[in-house]
S.K.: 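Below is a structure I'd like to ask you about.
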Amino acid sequence: EGALDLLQNFKSIKSEGAINKQMMDKFNDIVAQFLKEIETTKENFEQNLHEPHTTRNQPSVAGSINWARCMFGRLRKTMQKFKAIGSTIMEDPIIK
């Protein structure tokens, strides 16, 4: 998420050719890292699906729901940032 913010800050700088290409390469690296994060979260979810980590005094169903929401919450913020900057990336002349 932080790398995406940093890249977005540099996006406002008008630059030509090689710098834009380097920024797009970094964007691709960020996407690849996020895909790894999604895969790790999926594996963690599947591994702990039948015995999720819950707090000590929490009912099992409520704890399971909270656990699943927390796992999704980790990914949601980054997904929203990708969605927000996705249209600006696609408008980039290098992409076209």
Side-chain angles (χ1 to χ4, degrees):
E1 183 179 346
L4 196 57
D5 289 336
L6 183 63
L7 189 63
Q8 186 64 22
N9 289 340
F10 281 106
K11 189 71 180 158
S12 63
I13 298 173
K14 301 295 181 197
S15 57
E16 296 291 326
I19 295 173
N20 276 343
K21 184 180 181 330
Q22 186 71 22
M23 288 176 58
M24 288 308 301
D25 290 343
K26 292 298 178 191
F27 180 77
N28 291 337
D29 292 343
I30 293 169
V31 170
Q33 181 62 35
F34 183 59
L35 291 174
K36 287 180 191 175
E37 191 174 326
I38 290 173
E39 189 61 34
T40 302
T41 302
K42 179 183 172 189
E43 289 171 2
N44 187 13
F45 179 80
E46 289 173 350
Q47 182 180 14
N48 298 310
L49 180 62
H50 298 290
E51 293 182 28
H53 302 287
T54 60
T55 58
R56 190 171 67 183
N57 294 326
Q58 196 171 29
S60 62
V61 173
S64 297
I65 292 169
N66 188 37
W67 173 74
R69 284 183 178 170
C70 286
M71 293 191 77
F72 178 67
R74 292 180 195 165
L75 300 174
R76 179 177 36 211
K77 287 198 300 191
T78 308
M79 286 190 301
Q80 288 173 341
K81 287 187 184 272
F82 273 116
K83 186 177 179 181
I85 70 165
S87 60
T88 60
I89 294 293
M90 290 304 155
E91 291 172 1
D92 195 325
I94 291 180
I95 301 292
K96 294 178 181 179

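Small disclaimer: the values here were computed from a predicted structure and weren't measured. Computation of the quantities below employed the complete heavy-atom set of this structure, encompassing side-chain atoms and omitting hydrogens, waters and symmetry-equivalent molecules.
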S.K.: Holding to side-chain contact (heavy atoms from CB on, under 4.5 Å), I want the full list of residues that pass it with Gln47, two or more places apart in sequence or in another chain.
M.R.: none
S.K.: Measuring from Leu49:CG to Glu51:CD, what's the distance to the nearest 0.5 Å?
M.R.: 10.5 Å
S.K.: Which Ile, Leu, Val, Met, Phe, Trp or Tyr residues join Val61 in one cluster when any pair of side-chain heavy atoms under 4.5 Å counts as a link?
M.R.: Ile65
S.K.: Give me the atom names and distance for the closest heavy-atom approach of Arg74 to Glu37.
M.R.: O-OE2, 4.2 Å
S.K.: If the condition is side-chain contact (heavy atoms from CB on, under 4.5 Å), which residues does Gln80 pass it with, not counting sequence neighbours?
M.R.: Arg76
S.K.: Working to the nearest 0.5 Å, report the span between CD1 of Ile38 and NZ of Lys36.
M.R.: 13.0 Å
S.K.: Tell me every residue that passes side-chain hydrogen bond (donor to acceptor under 3.5 Å, both in side chains) with Thr55, counting only those two or more places apart in sequence or in another chain.
M.R.: Gln58
S.K.: Applying side-chain contact (heavy atoms from CB on, under 4.5 Å), name anything that partners Asp29, two or more places apart in sequence or on another chain.
M.R.: Lys26
S.K.: Which ring-ring contact (aromatic ring centres under 6.0 Å, His included) pairs, counting each pair once, include a residue from residues 33-63, with sequence neighbours left out?
M.R.: Phe34-Phe82, Phe45-Trp67
S.K.: Sequence neighbours excluded, which residues qualify as side-chain contact (heavy atoms from CB on, under 4.5 Å) partners of Thr41?
M.R.: Met71, Leu75
S.K.: So how far is it from Lys81 NZ to Ile30 CD1, rounded to the nearest 0.5 Å?
M.R.: 11.5 Å
